[in-house]
Amino acid sequence: MGKRSARETFVPFVAVAADARPLYRQIYDGYRVAILEGRLRAGQRIPSTRALALELGISRLPVLTAFEQLLHEGYLEGRSGSGTFVASSIHELPATAASAAGAAHRRDSRDRAIATSSASSKPPQARERKAEFGAFRVSLPALDQFPNRLWARLVTRHARAMSAESMAYGDPAGYLPLRHAVADYLRTARAVACDASQVLIVSGSQMALHLCARVLLKPGDTLYFEDPGYPGARTALAATGATVRPVPVDAEGLAVRAMRPAKGGASAIYVTPSHQYPLGVSMNVARRLALLEWARRQRAWIVEDDYDSDYRYSSRPLGALQGMNGADRVIYTGTFSKVLFPALRIGYLVAPPSLVGAFLAQRLALDLFPQTLDQLVLTDFLCEGHFARHVRRMRAIYQGRRDALVAEIERRLGGLLSIVNADAGMHLTARLPAGFDDAEVVRLARARGISAIALSSCYVANTRDPGLVLGFGGVPEADLVRGVQALSQVLAEVGRR
Ligand SMILES: Cc1ncc(COP(=O)(O)O)c(C=O)c1O
């Protein structure tokens with residue numbers, strides 16, 4: 001995103017108080033420290049003296065005096081006709097000198113807290129960025145294939161015609177036509193038994209999982225969790241203090257028979273039955289029935305995370321657990337992050353009718369309602385058929401990418417990596433021989449611009465099988481091939497140790 005220099009700018013935090021120093025000195029000190037500590041960066045526009053005086057509720061004179069001094073000492077520079085800026089030479093100051101000089105002026109611990117958070121000039125994500133887009137970034141769809149122009153047209157359509165209604169507070173459950181469209185899609189494509197009254201639009205399935213924790217679990221309750229499983233879900237679901245009990249996963253999905261009843265208190269179980277994360281297996285029918293029966297007997301809730309089931313290559317997508325007979329204890333969650341793009345931050349939750357009120361109450365407590373403009377755009381995208389077309393198109397692309405990755409792994413790494421299941425989704429997991437340090441593989445791969453997840457990092461229990469979770473959806477075929485090549489070098493290096 002290009003950085004624009006706005007004519008109107010924020011007034012930086014400069015406190016003026018009734019203290020012994022004259023006002024102009026307080027303003028001068030405030031700006032000087034902010035510049036030295038890097039809170040105000042070289043080239044950044046400074047508000048006009050009039051705007052600052054207004055904001056601080058003081059006369060303009062002390063502001064003028066302070067700015068004159070700052071200009072004179074070279075902290076600020078004027079550019080004729082366009083305003084006053086932090087001097088562009090400021091960035092030449094060595095970071096340590098700048099922060100040491102700034103430190104001398106820090107007056108209280110509050111200033112110190114601001115200083116430490118802003119002193120390290122590079123935000124952490126700037127350093128991680130390179131690897132994030134490399135092969136085999138997990139969870140990233142093929143963003144280069146997204147119909148940007150079409151999406152932009154829909155955004156413009158709604159942005160141009162924003163009504164007062166769409167600018168006001170919205171429905172906490174989400175925009176009703178979108179809930180209808182999501183319910184239609186889920187009934188049709190995923191065999192979910194629902195209508196719009198059970199659908200809540202949320203900010204990604206992460207929020208849905210967090211809401212599940214708030215509605216279903218309190219401190220000391222038991223959360224049964226797939227092992228290995230999706231760490232993000234574990235964090236969200238355990239947020240209200242539930243105790244996590246890992247349940248093993250084998251080739252047929254969650255090992256329901258391994259689950260011991262919880263002692264007292266409520267309990268919930270998190271599952272990804274259609275496409276287990278990370279192993280990629282799907283839960284067979286016998287296991288599904290056993291799980292539903294187990295939940296009925298234990299009066300436990302089942303949280304079904306159906307995050308990427310639109311993409312299945314060798315057979316038809318499996319229906320959702322939620323749509324089976326006797327599934328009235330299932331809370332179903334899903335997301336548009338994988339089928340569209342993650343920055344959209346739109347997901348959904350389908351609650352059993354008896355829990356809709358409780359979910360709405362928690363939703364309201366957390367965040368009043370979902371952002372309206374994106375919901376309007378997404379509703380059109382779904383209702384005008386673009387969504388179905390997009391999913392169909394992407395399925396073919398992902399299948400090509402999946403085939404390329406599988407072939408290359410078999411060709412180069414067949415003796416070392418054994419793929420668990422690659423029938424669906426946008427990633428696959430491959431096991432490494434026992435004793436292999438998968439975390440070290442990931443670390444070294446990262447240094448070569450390759451991103452992968454260590455299978456061992458997805459476990460809660462002590463037995464942690466080594467392996468690699470490799471995303472292919474967001475990676476062009478040529479990069480997958482190059483990625484496997486680089487990976488084979490890393491594996492050879494780690495294997496020799
Ligand atoms: C299994 C699983 N569930 C949920 C999510 C979260 O998705 P969202 O972006 O909708 O929060 C992810 C994201 O990678 C995931 O892999």
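Whatever order the structure lists ligands and atoms in, that order sets their numbers, starting from 1.
Inspection of the Asp380 and His158 side chains reveals an N or O donor paired with an N or O acceptor under 3.5 Å.
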Any chance you could lay out the side chain to side chain contact (heavy atoms under 4.5 Å, CB included) test for Ser139 and Lys338, step after step, and finish with the verdict? CA-CA 7 Å; Ser139 302; Lys338 321 282 165 156; 3.3 Å; yes
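In this structure, the ring-ring contact (aromatic ring centres under 6.0 Å, His included) partners of Phe146, at least two apart in sequence or on a different chain, are Trp151, Phe341, His390.
Within 4.0 Å of ligand 1, protein heavy atoms belong to Ser139, Gly204, Ser205, Gln206, Tyr230, Tyr270, Tyr277, Asp305, Tyr307, Thr335, Ser337, Lys338, Arg345, listed by chain and number.
Evaluated for a ring pair (Phe, Tyr, Trp, His ring centres under 6.0 Å) with His427, the options Phe136, Tyr277, Phe472 yield exactly one hit, Tyr277.
From Ile346, atom CD1 reaches atom CG of Leu178 across 6.5 Å, with rounding to the nearest 0.5 Å.
Taking every heavy atom of both residues into account, Gly326 and Leu292 meet most closely at O-CD2, 4.1 Å.
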